[in-house]
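Take a look at the structure below.
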Number of protein chains: 2
Amino acid sequence: MPQTIRQASTTTPDDNYSATFRSRGRVHPNHTVIYHQGDKVDGFYRVNSGVVMVFRLLEDSQRQISGFYTEGDFFGLSADEHYHDTATTVATSNIVCLTMADVRQSLELQQELFAITCGQLESAQTLITTLTKKTASEKVATFLLMLADRQKRSGEEFDIRLPMSRLDIADYLGLSIETVSRRLTALKAQGVITLPDRNTARVCQFSKLSEMAGAQ
Amino acid sequence: MPQTIRQASTTTPDDNYSATFRSRGRVHPNHTVIYHQGDKVDGFYRVNSGVVMVFRLLEDSQRQISGFYTEGDFFGLSADEHYHDTATTVATSNIVCLTMADVRQSLELQQELFAITCGQLESAQTLITTLTKKTASEKVATFLLMLADRQKRSGEEFDIRLPMSRLDIADYLGLSIETVSRRLTALKAQGVITLPDRNTARVCQFSKLSEMAGAQ
DNA sequence: CGTCCACTTGACTCTACTCAATATTTGTGG
DNA sequence: CCACAAATATTGAGTAGAGTCAAGTGGACG
């Protein structure tokens, strides 16, 4: 099934349900909660534009960010009736909520949904590897590369948008905010990036940055 | 869909395809590779009995174990044509390979498969939280509790079987083998567990162990 | 112009890693 | 069945990387 599904997902860029995504999307300002940890599941979501982050809050109020979602990404899938995490916007975002009724109507969507979940599981495992096997420097470099990739930036020099705060980055990579800051400064000192403003990382030597991200 | 699916999965303990699992299962000795990273996906698997571990090998030959699977668990789902990890037995195991043909024949199985993948995604996120927010002691305690739970052990005192090596535990928790050993020794020194042999952890104070696992 | 907030930088500490030695268990051949 | 070798696990000593606490910097905004 996976193979078949992958085919389905790559051959459906502008179909019936794709139009639904856009027409039914709603715009949310920055820092809007889309759903809350513990809420009853009412469906799931697709980012039409903007950025959404999903995190889990622990009993001792520590926070683990499990992912950042951008245009075309789905989030809010749950195995049971209640959400185990919270989703909020990190920029003005257009988001569409899809219901189970939508899914039942489209076999295509059903299959794509399964492929997406498999893909997210694989991403989660890649993140696990990053968290356990990489140093702080490598983690930060890897994070920048992930953003560049999602933002479709390429070449030796380009700008990466960082809509999230340093604390958000820290809570994603399992680092302290100070370490994130120090590692970014180190990359700057090595001439790999510059930081024109707090929400931009200008990559000067992409190849060097890749090298610093360590083994995959 | 998630809710509906959960219902489906809880109401199918002994149905048509459930029998298929058992009749078509094959027994593999310990340390048998079920599939290899890079292999073409031919289907997915269910553990009828025994223990299977799944891991990813990095370029620099570091190893990240993404999970241990026991009776009733599914593994080997992939979003694309090739496996991104390797699966091997960690004990003599009865495993059934399911093909896409099996899935197409059963809507029930299709739905359960989706629920399972969602559940695995959630487990992965729980592991991520463990890896980033917990100390070595908490990680080891959490690992023991996870095994106890899967082995359906309960009460204040019971034995946990540890079919995997210390290195396996280390590669799962993102620790060094020495740290795993030291943390287990510390738990022993605190009277929380004893270690009758290298493949058994006898829990003496379950409540204390839970406490040591830290915030969820 | 001053306040607030996010970020950066500095000094120090501590946890977990590395390297090394020792102990224990497992496996093998005589 | 024992002796030895090999593999696995434990323990020890020293180190380094990331955390904590604290102070300082720099925009954004009223």
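What you see below is based on every heavy atom in this structure, not just the backbone, and it leaves out hydrogens, waters and symmetry mates. Nothing here was measured: the structure is a model prediction, and the numbers come from that model.
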Nearest-Å distance, CZ (A/Arg183) to C1' (C/dT9)? 13 Å
Reckon A/Ile177 touches a base, only the sugar-phosphate, or nothing at all at heavy-atom distances under 4.0 Å? nothing
From the candidates D/dA9, C/dT18, C/dC7, the one with an atom nearest any side-chain atom of B/Ser176 is C/dT18
Return the nearest nucleotide to the side chain of A/Leu175; candidates are C/dC7, D/dA18, C/dT25. D/dA18
Between D/dT8 atom P and B/Ile169 atom CD1, what is the distance in whole Å? 14 Å
Within the 3.5 Å criterion, strictly below it, is a donor on B/Ser165 or B/Arg198 matched to an acceptor on the partner's side chain? no
Regarding B/Asp85 and B/Tyr35, is there a side-chain donor-to-acceptor distance under 3.5 Å anywhere? yes
For C/dT15, does either OP1 or OP2 sit under 4.0 Å from a side-chain N or O belonging to B/Thr135? no
What integer distance in Å separates A/Gln62:CD from D/dG19:P? 11 Å
For B/Asp171 and D/dT8, give me the distance from atom CG to atom C1', rounded to whole Å. 14 Å
Separation of C/dT24 C1' from B/Lys188 NZ (nearest whole Å): 11 Å
Once you round it to whole Å, what is the distance between P of C/dA6 and CG of A/Leu162? 16 Å
What is the nucleic acid contact for B/Leu184, judged by heavy atoms within less than 4.0 Å: base, sugar-phosphate only, or nothing? nothing
For atom NZ of B/Lys133 and atom P of C/dT15, their distance in whole Å: 18 Å
With a 4.0 Å cut-off on N to O distance, would you call A/Lys133 and B/Asp171 a salt bridge? yes
Geometric cation-pi criterion B/Arg153 and B/Phe158, 6.0 Å radius, 45° cone: no
B/Met164 or A/Arg182, whichever maps to the more 5' nucleotide of DNA chain D: B/Met164
Checking contacts here: which listed nucleotide (D/dC21, C/dA16, C/dC19) is nearest the side-chain heavy atoms of B/Thr179? C/dA16
Can you tell me if A/Lys134 and A/Thr142 form a side-chain donor-acceptor pair at under 3.5 Å? yes
For atom CG of B/Asn199 and atom C1' of D/dT8, their distance in whole Å: 10 Å
Proximity to the side chain of B/Glu178 - top-ranked nucleotide from C/dT18, D/dA9, D/dA18: C/dT18
Between C/dC7, C/dC19, C/dT26, spot the one nearest the side chain of B/Arg198, thanks. C/dT26
I want to check one thing: is the phosphate of D/dT11, taken as OP1 and OP2, less than 4.0 Å away from some side-chain N or O of B/Thr185? yes
